[in-house]
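Read the structure below first, then the notes.
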Amino acid sequence: MAKERPGQIAPATRVIIGGRRPEWTGTADQPGAVVSPPVWRASTHLYADTAALKSGPAKNEDGRFYYGRRGAPTQWALAEALTELEPGAAEQGGGTMLYPSGVAAIAAALLAVLRPGDVLLMTDNAYEPSRVLARAWLAEFGIETRWFDPADPAAFATAICPHTKAVLLESPGSLTMEVQDVPTLAAIAHNHGLCVILDNTWASPLGFAALAHGADISVMSLTKHVGGHSDLMMGSATAGPAWYPKLRRGAQLLGQVVSPDDASLALRGLRSMAVRLARETESALRIAEWFAGRPEVARVLCPMLPGSPGHDLWRRDFTGGCGLFSVVLNGRDAAARNALIDALALFGIGYSWGGFESLVTPLDPAGSRSATSWPLPQMDAADRFGIRLSIGLEDPADLIADLARGLAAWSAAGNDA
Ligand SMILES: *Cc1c(COP(=O)(O)O)cnc(C)c1O
């Protein structure tokens with residue numbers, strides 16, 4: 001990796017070469033000798049003498065040995081690889097901080113921006129723990145949160161008040177998958193001096209260039225696509241030079257650090273992320289198309305599917321998708337929906353997503369709404385229950401056969417719409 005890189009490098013190539021600095025993957029006399037950085041397990045970092053000890057802490061810069069809490073090459077390589085994936089961060093002196101979970105990354109971004117007396121605007125389709133964090137904890141610090149309709153930029157503009165300091169976007173949103181008009185919302189936000197935080201877990205930088213579309217801080221749960229194997233928890237926040245130093249300061253003050261073992265697993269996952277996402281997207285699209293033709297299904301909430309809500313914005317702004325989408329069933333109750341889920345043999349039932357294996361969870365967003373209601377006004381009031389699917393790397397024909405068995409169980413569960 002010591003050779004100079006060609007100027008234009010595509011994202012699928014950047015996930016392969018990012019963070020592989022020769023000094024992190026070899027020895028002083030054989031730099032770059034191995035492909036991946038070893039797991040640098042270290043709490044203590046040693047100094048040559050007292051003079052070096054004295055001058056060491058004064059240089060609080062990325063990529064410098066100091067003490068384990070500021071990481072070592074395994075974590076630095078992962079952070080650098082993620083920064084290189086985010087257009088607008090790498091070129092301008094921004095960077096990426098790593099956190100022990102996606103929720104920790106969201107909390108860190110909010111705490112870097114908000115102070116007592118501030119108002120936070122949050123999209124109404126935000127990940128449930130983001131909502132709970134705001135209601136149950138930010139409120140105790142005197143930070144008020146107001147929710148707005150993800151599909152209504154005008155409502156967002158009206159919701160801004162003199163104390164509004166930040167907005168948390170999520171696109172597509174959790175469960176209901178609304179795509180937000182991020183450039184428009186960011187332009188409105190910046191006119192009022194707000195910091196735009198985007199939860200970009202669904203698309204990752206491969207599918208949506210968050211900073212280039214107006215976000216100031218892009219947050220990801222690395223637990224999902226980057227890890228990719230359902231065996232680690234981690235989060236990241238990437239920002240340009242305006243916010244990165246503040247994120248870094250906050251992480252150091254709050255003692256946020258990730259283990260080198262997990263960073264090594266995340267780096268391994270990252271290297272195959274582009275091919276996994278491409279395959280998941282292809283399979284998810286095929287399965288979403290199949291659902292769209294089924295009489296048991298009222299709505300397919302999959303932005304990648306032509307005709308699905310948010311598809312036009314997705315086509316305009318995104319460069320990729322993933323395997324996560326939702327399906328709303330045609331009437332009936334939660335018990336019938338549960339019969340569908342319990343009949344599936346190839347889908348694990350559990351939280352999280354973005355792993356190599358397919359997962360399913362019940363979908364009933366009615367209780368997680370503040371500014372909007374579920375079912376949405378344009379929907380039939382009886383169409384409330386559904387499923388959320390995370391499509392993995394299996395053969396999609398097998399998954400479709402399994403889902404057909406599930407729909408048969410739903411039909412057999414009685415109770416007419
Ligand atoms: C899972 C998830 C998170 C939280 O990530 P964890 O790593 O589980 O803490 C945040 N945002 C979205 C959209 C998620 O799906």
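Everything numeric here is computed off the predicted structure, so don't read it as measured data. Counting convention: from 1, in listed order, for ligands and their atoms alike.
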Quiz item: Could Arg131 and Asp124 be called an ion pair, given the rule that one side-chain N must be under 4.0 Å from one carboxylate O?
Solution: yes
Quiz item: Mind checking what residues have non-hydrogen atoms under 4.0 angstrom from ligand 1?
Solution: Ser101, Gly102, Val103, Ile106, Tyr127, Glu170, Ser174, Asp199, Thr201, Ser221, Thr223, Lys224, Met233, Met234, Trp353
Practice problem: May I ask you to check whether over 12 heavy atoms, not counting those of His163, lie within 6.0 Å of atom NE2? | Solution: no
Quiz item: Who are the side chain to side chain contact (heavy atoms under 4.5 Å, CB included) partners of Ser36, not counting sequence neighbours?
Solution: none
Practice problem: With sequence neighbours left out, write down each residue that passes side-chain hydrogen bond (donor to acceptor under 3.5 Å, both in side chains) with Arg315, or none if nothing qualifies. | Solution: none
Quiz item: Among all residues two or more places apart in sequence or in another chain, which pass the side chain to side chain contact (heavy atoms under 4.5 Å, CB included) test with Ser259?
Solution: Asp261, Asp262
Quiz item: Side chain of Trp353, backbone of Ser358: donor and acceptor closer than 3.5 Å?
Solution: no
